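What follows is a set of notes on a single structure, which appears directly below.
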Amino acid sequence: GQQVMQIPQYQHVQEGEDFTTYCNSSTTLSNIQWYKQRPGGHPVFLIQLVKSGEVKKQKRLTFQFGEAKKNSSLHITATQTTDVGTYFCAGPDSGYSTLTFGKGTMLLVSP
Amino acid sequence: EAQVTQNPRYLITVTGKKLTVTCSQNMNHEYMSWYRQDPGLGLRQIYYSMNVEVTDKGDVPEGYKVSRKEKRNFPLILESPSPNQTSLYFCASSADFNSYEQYFGPGTRLTVT
């Protein structure tokens with residue numbers, strides 16, 4: 001079945017440093033979604049990318065979808081303590097019925 | 001307020017005692033889904049429903065049942081819980097599967113002893 005892999009599993013940065021998490025799918029994706037889960041919370045949708053090579057920005061967050069639509073990245077510029085949480089990518093299966101999540105990257109930001 | 005609600009939020013039970021975790025959404029969403037989240041394994045889909053009376057297995061359906069008799073409700077049933085079903089469970093919904101983000105409920109932390 002489809003596999004979605006994320007690296008790194010965990011990253012600890014100092015406030016102000018940049019952070020990037022990478023997502024790779026075993027299959028070509030029609031779209032990819034990113035979610036953030038704060039400690040003790042539930043996943044919250046951040047963004048969806050659909051087009052090959054697409055780049056979207058949300059303030060300090062930059063999302064990219066690869067040209068082959070099999071990989072994606074999330075980059076945070078100048079992290080803040082409010083960025084703490086686990087970031088998940090997720091992609092639909094070819095039958096458009098299930099969403100496969102990566103295992104997530106846990107981000108810890110020290111002040 | 002648009003939301004997905006789950007009950008109970010916390011549950012400790014014993015092996016073999018049937019339980020139901022309720023899930024309800026007020027957004028008229030067609031697609032609903034159950035996930036379990038375990039350390040190191042991420043979010044894994046248990047069951048999903050594309051619409052009323054339409055349900056199907058996700059990646060880890062063993063030991064679980066679901067029903068979708070009304071659009072807003074999607075209960076998760078554990079007929080005979082076992083300790084390996086101790087986990088954090090999330091219900092989610094979306095307008096339809098193909099194009100829209102999923103809204104997650106607050107989660108239900110289940111412990112089976």
Side-chain angles (χ1 to χ4, degrees), chain A residues 1-10 21-27 29-51 54 56 58 63 65 72 74 85-107, chain B residues 1-7 9-10 21 23 25 27 29-51 54-61 64 66 68 87-109:
Chain A
Q2 176 181 298
Q3 293 184 5
V4 177
M5 292 149 285
Q6 266 186 271
I7 56 170
Q9 280 189 293
Y10 172 84
T21 174
Y22 300 91
C23 180
N24 290 285
S25 171
S26 59
T27 60
L29 300 170
S30 60
N31 65 74
I32 194 159
Q33 298 178 0
W34 285 90
Y35 292 79
K36 176 183 178 181
Q37 183 177 21
R38 295 182 187 275
H42 58 276
V44 175
F45 175 81
L46 294 176
I47 206 161
Q48 178 174 271
L49 305 172
V50 178
K51 299 177 183 176
E54 188 170 14
K56 286 189 176 181
Q58 290 180 348
F63 303 84
F65 200 10
S72 181
L74 158 59
T86 300
Y87 294 84
F88 294 94
C89 62
D93 70 346
S94 58
Y96 298 98
S97 58
T98 62
L99 200 62
T100 300
F101 281 78
K103 293 183 179 179
T105 296
M106 182 184 295
L107 172 64
Chain B
E1 179 190 354
Q3 60 181 349
V4 178
T5 57
Q6 292 179 230
N7 281 292
R9 294 288 312 279
Y10 303 91
V21 183
C23 172
Q25 50 92 5
M27 296 168 279
H29 283 172
E30 292 189 348
Y31 185 90
M32 297 186 74
S33 180
W34 277 102
Y35 296 88
R36 61 177 289 174
Q37 186 174 36
D38 303 289
L41 297 177
L43 286 156
R44 294 180 294 167
Q45 193 172 45
I46 303 170
Y47 267 94
Y48 65 93
S49 170
M50 302 289 269
N51 213 325
V54 181
T55 63
D56 210 342
K57 297 176 181 179
D59 296 322
V60 288
Y64 305 94
V66 293
R68 187 92 181 272
S87 187
L88 178 59
Y89 292 86
F90 288 103
C91 180
S93 75
S94 64
D96 69 55
F97 175 77
N98 203 22
S99 305
Y100 297 92
E101 70 270 27
Q102 295 201 43
Y103 292 80
F104 282 80
T108 295
R109 187 166 291 282

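Note that the structure is predicted; figures quoted are calculated from it, not measured. We name chains A, B, ... by the order of the sequence lines, and we start the count at 1 in each one.
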Inset, instruction - Would you indicate whether Gln58(A), at its atom CD, is surrounded by more than 12 heavy atoms from other residues, nucleotides or ligands within a distance under 6.0 Å? - result: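 Correct, the count exceeds 12.
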Legend entry - Crowding at OH, Tyr22(A) (>12 non-hydrogen neighbours, <6.0 Å):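 Check fails, neighbour count at 12 or below.
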Legend entry - Beyond-backbone contact of Tyr35(B) with Leu99(A), side-chain heavy atoms, under 4.5 angstrom: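 In short, these two side chains touch, coming nearer than 4.5 Å.
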Inset, instruction - Taking all non-hydrogen atoms of both residues into account, name the closest pair between His42(A) and Phe90(B) and its distance. - result: CB-CE2, 3.4 Å
Inset, instruction - Identify the heavy atoms of Thr98(A) and Tyr31(B) that sit nearest to each other, and give their distance. - result: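 Scanning both residues, the minimum pair turns out to be CA-OH, 3.9 Å.
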Legend entry - Test item: side-chain donor near acceptor, Gln37(A) and Gln37(B), under 3.5 Å: yes
Inset, instruction - Could you check which of Leu88(B), Leu41(B), Asp59(B) has the highest count of heavy-atom pairs closer than 4.5 Å to chain A? - result: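 Ranked by heavy-atom pairs under 4.5 Å with chain A, first place is Leu41(B).
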Inset, instruction - Calculate, to the nearest 0.5 Å, the distance between atoms CZ and CD belonging to Phe101(A) and Gln45(B) respectively. - result: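 Going from the CZ atom of Phe101(A) to the CD atom of Gln45(B) covers 8.5 Å.
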